[in-house]
Amino acid sequence: MRHTPLTRRRLLALSGAGAASLTLPFPRPALAQAKPIKVGVMLPYSGTYTQLGEAITRGMELYIKQQGGTLAGRAIDFIKVDDESEPPKAPELATKLISGEKVDVLIGTVHSGVAMGMAKIAREAGTTMLIPNAGVNALTRALCAKNLFRTSFGNSQVGLATGKAALAAGIKTAVTFTWKYAAGDESVGGFAESFKAGGGQVLKDITVPFPNVEFQSALAEIASLKPDAVYSFFAGGGAAKFIKDYAAAKLNEHIQLWGPGFLTDGVEQAVGAAGDGVKTVLHYADDLDNPENKALRLAFEAAYKTPADVYGVQGFDTAQLLDMGLKAVGGDIAKQDAFHDAMAKASWKSPRGPFKLSSSHNPIQNFYLRELKGGKNVLLKTAATDLEDPTTGCKLAS
Ligand code: PHB
């Protein structure tokens, strides 16, 4: 893999507040060959989701490195831009990568609102876009497209699996508390759908604006509502702060804290004992007993001196999907239809378990119930197998 060195001026021109060019020194192949595939990578390298963006980047780079630095014989040039998790900046940044840098593929991002802005531009230009995290439902429902692929999850998909698991654990009443934007709303929507369908009662929905971390008034309200459990979508720095505040307010002593696994992934060490007992459901668990997961965790830790988490796995699988598409066309990305068809049909053994895409290009995958104990997300059981998000409104046939 090669990285186009971006000058500081070019970086600033791309991102306003600066972009990240985290380079890996892969040697250039000695033989003359086709020029590199240009990949525009838009991820958060600043703000509350920084750690998520970095983990995704590392997962992608690890996969490419394991292939010897090329995919289907083509060197990969990453052009990285910090999207700052700021939706208003997304269309301009995506336009600069697509029209300015003329990238072959656009990869991004973490934040649902930013992903919506990117997808609009990618759709207009017909550029292939791979989503390594953002779960906004519409992108694999009514706004699905033949050139748009998601390797992560749909926001409702995770919430729905969590609502079922909470019911099965005997939770009867819940208060939801989340950031007010698509990811929080849809995550809570999925949770409420399955939780209520099974007889659960949602006492109140509480929100704070993204990326606000002032949780005190919500915590006081939760204490007075006395639900069996709280269901919360927060992630990254915000999640770490929330878990610590929840424990400091002593709510963890009598109200179970539940959430999609984003609440605890990557923040296990930061929250320490404050996180003990937090129950989450996710399409990944650290101790999944399969060879792909064991190999990934060893390689990730060796390369980066930090444990892999769901974001690293999603990055790894994003690069893997790209690899499968490129291999099917012998590295000739100009064969767009065949490239897209191959990715749509791809399936493999991911560290998360079996992976394949639905007809709207969203993963069909297992979900796992985990409990945070002693700084580890311990796998309790498989909560759902081969769970597919509805493809409502998607007109793709494949
Ligand atoms: C999203 O905005 O879709 C999102 C962000 C962070 C997560 C999960 C989903 O951990």
Side-chain angles (χ1 to χ4, degrees), residues 42-57 59 83-90 107-119 129-141 143 148 150-162 176 178-191 207-213 231-243 258-268 270-271 278 280-285 308-315 317-318 352 362-363 365 367 370 372 377 389:
M42 267 176 72
L43 284 169
Y45 294 113
S46 62
T48 201
Y49 288 158
T50 305
Q51 219 187 313
L52 286 58
E54 279 169 358
I56 290 168
T57 306
D83 66 38
E84 302 170 59
S85 296
E86 290 242 27
K89 296 186 178 167
I107 294 181
T109 185
V110 167
H111 186 289
S112 277
V114 177
M116 287 292 280
M118 293 172 69
M129 174 170 161
L130 309 183
I131 306 171
N133 185 75
V136 58
N137 291 338
L139 291 183
T140 52
R141 293 190 186 177
L143 296 178
L148 184 62
R150 178 149 58 199
T151 55
S152 50
F153 54 87
N155 289 324
S156 299
Q157 193 183 17
V158 194
L160 202 112
T162 314
T176 71
T178 182
W179 274 319
K180 179 85 199 138
Y181 82 101
D185 292 345
E186 293 176 351
S187 178
V188 163
F191 171 81
T207 60
V208 285
F210 175 87
N212 191 324
V213 290
Y231 174 84
S232 276
F233 167 88
F234 293 104
K241 166 107 178 9
F242 176 62
I243 290 173
W258 282 71
F262 313 117
L263 191 59
T264 54
D265 256 55
V267 303
E268 301 90 337
V271 298
V278 179
T280 59
V281 172
L282 197 63
H283 47 290
Y284 182 64
D309 58 16
V310 70
Y311 308 106
V313 171
Q314 289 170 180
D317 283 336
T318 301
R352 70 182 88 175
N362 190 59
Q365 55 194 343
F367 284 84
R370 311 108 44 91
L372 194 53
N377 277 303
D389 192 55

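Atoms within a ligand are numbered from 1 in the order they appear, just like the ligands themselves.
Within 4.0 Å of ligand 1, protein heavy atoms come from Tyr49, Leu52, Val110, His111, Ser112, Asn133, Ala134, Gly135, Phe153, Asn155, Tyr181, Ala183, Phe233, Ala235, Phe262, Tyr311.
Distance check: Trp258 CH2 to Leu263 CG gives 12.0 Å after rounding to the nearest 0.5 Å.
Checked against salt bridge (Lys or Arg N to Asp or Glu O under 4.0 Å), Asp309 has no partners two or more places apart in sequence or in another chain. Under the ring-ring contact (aromatic ring centres under 6.0 Å, His included) criterion, Tyr311 pairs with no residue at all, not counting sequence neighbours. Residues that satisfy the ring-ring contact (aromatic ring centres under 6.0 Å, His included) test with Phe242, not counting sequence neighbours, are Phe177, Phe215, Phe234, Tyr246.
Taking the six-membered ring where tryptophan is involved, the planes of Phe367 and His283 are perpendicular, since the angle between them exceeds 60° and thus also 30°.
Just one of Asn155, Asn133, Asp185 meets the side-chain hydrogen bond (donor to acceptor under 3.5 Å, both in side chains) condition when paired with Ser112; it is Asn155.
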